[in-house]
Amino acid sequence: VAAALKQEVKVRKEETDKRIAELEKSLKELEDQKKELRTLKAAGQKLQKKIEDSRKKKEELVLEVEGINSRIQTVKKTLEGLSFEEEESLREEVREATYERNSMRSTIEEASARRLGNENNLKGLRKEHEAFTEREERFTGVKGLADTVGGTRSGAEKIMLETYVQMRFFDRIIERANTRLMVMTAGRYRMVRRKEAASNKGQSGLDLNIMDYHNGTERDIRTLSGGESFDASLALALGLSDEVQSSAGGIKLDTMFVDEGFGSLDPEALDRAVSALSSLGEGHRLVGIISHVEEMKNRIDRQIRVFKNDDGTSRVEIVS
């Protein structure tokens, strides 16, 4: 059964890792697109500056053309009443001014064409910017989901999806284990899953505290003594057994072995632990205890004793 549960957790972990890999790939694409967006933004700014410069240049050229036209009109008026030589000189000046004006107009037309092209390019860049902004917002949401699934959200508890699923099973195991622990400790202790991490830097979600009803305090379960830790471990093992039988599709655990740990118990705690194990035997389950504690020999009616021979071999004796 433990192997089946381990396989189920492994499958869930592989699915989670696959999902996280897909999200990380999407995030990598987002980073590449953000770099491209910054490049496009810079190009857009340059085009905008060119458009502004072209507009100013056009305004300057228009003023120059107006000035040339004014000069042409002035020259034409001056031609009246002049001598032939003076008229020819002025006509040449008019021709030069006209040529200059036409050249200016060509320059203005070229500047207008460049400005129109730049404006069209800018419109295209703005559309791309809007598209990238939309994708950036979408991928920001994806990143938030990836951080949540991966347990890497900044400033929040570090709980991975796999851990979150395990927490739900763990809560049920703790609930069943506490029914045993309360009996084994004469109602003093109850296990509580720690709701908050000690800090937001490390992973959290599967840590245990112990509620001490003698003084009404809650503390880290690692503060229990050796005997109390044995009681808690035994209660968790029994709680896991109960939960497996309850939720694993009708699977029954008919046999359980407990290896050592009894030497750390005082007589009263030993009585409660043996009583808890005996209650399992009354439910038609076989409970085996592996122990070197001498007092256990007087509490177990059916025994398999292992003796070491002088030649290094061993022999087994069955006591019923």
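The analysis underlying the following values was restricted to heavy atoms, covering all of them including side chains, and did not include hydrogens, waters or symmetry mates. As the structure is a computational prediction, the values presented were derived from the model and not from experiment.
Tracing side-chain contacts under 4.5 Å through hydrophobic residues (I, L, V, M, F, W, Y), one reaches Met167 starting from Leu236; they form part of the same cluster. Hydrophobic clustering (ILVMFWY, side-chain heavy atoms < 4.5 Å, transitive): Val183 and Leu238 are in distinct clusters.
Residue-environment remark: CZ (Arg222) stays at or below the threshold of 12 foreign heavy atoms within 6.0 Å. Atom CD of Glu175 has 12 or fewer heavy atoms from other residues, nucleotides or ligands within 6.0 Å. The 12-atom threshold is not exceeded at CG of Asp310, counting heavy atoms of other residues, nucleotides or ligands nearer than 6.0 Å. For CD of Glu134, the number of neighbouring non-hydrogen atoms (other residues, nucleotides, ligands) closer than 6.0 Å is 12 at most.
The pair Arg193-Asp171 meets the salt-bridge criterion, with a side-chain N (NZ, NE, NH1 or NH2) lying under 4.0 Å from an Asp/Glu carboxylate O. No salt bridge links Asp231 with Arg180; every basic N to acidic carboxylate O contact stays at or beyond 4.0 Å. Under the 4.0 Å criterion applied to side-chain N and carboxylate O atoms, Asp212 and Arg190 are not assigned as salt-bridge partners.
Separation of atoms CE (Met104) and CG (Leu63) is listed at 11.0 Å; rounding is to 0.5 Å. Met211 contributes atom CE, which lies 10.5 Å from atom CZ of Arg219 (distance to the nearest 0.5 angstrom). To the nearest 0.5 Å, atoms CG (Asp242) and CZ (Arg176) are separated by 6.0 Å. In this structure, CD1 on Ile210 lies 11.5 Å from CZ on Arg194, to the nearest 0.5 angstrom. Note: Glu110 CD to Arg115 CZ = 14.5 Å, rounded to the nearest 0.5 Å. Atom CD1 in Ile108 sits 11.0 Å away from atom CD in Glu59 (nearest 0.5 Å).
A donor-acceptor contact shorter than 3.5 Å links the side chain of Thr185 to the backbone of Leu181. For the pair Glu228 (side chain) and Ser225 (backbone), a donor-acceptor distance under 3.5 Å is present. A donor-acceptor pair under 3.5 Å is absent between the side-chain atoms of Asn309 and the main chain of Asp311, judged by distance alone.
The side-chain contact (heavy atoms from CB on, under 4.5 Å) test with Ile304 is passed by exactly one of Val319, Val316, Ile290: Val316. Just one of Ile174, Ile173, Asn209 meets the side-chain contact (heavy atoms from CB on, under 4.5 Å) condition when paired with Met191; it is Ile174.
In this structure the side chain of Tyr189 reaches within 4.5 angstrom of the side chain of Leu224, judged on heavy atoms. Looking at heavy atoms from C-beta onward, Tyr213 lies in side-chain contact with Met182 at the 4.5 angstrom threshold.
Of all the heavy atoms in Ala177 and Ala235, the pair that sits closest is CB-O, 3.2 Å.
Phe307 carries Arg315 over the face of its six-membered ring, with the cationic atom under 6.0 Å from the centre and within 45° of the normal.
In this structure Arg302 satisfies the salt bridge (Lys or Arg N to Asp or Glu O under 4.0 Å) test with no other residue, sequence neighbours excluded.
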Do Val192 and Asn178 pass the side chain to side chain contact (heavy atoms under 4.5 Å, CB included) test, and can you show the C-alpha distance, the side-chain angles, and the key distance before you say yes or no? CA-CA 9 Å; Val192 181; Asn178 278 329; 5.9 Å; no
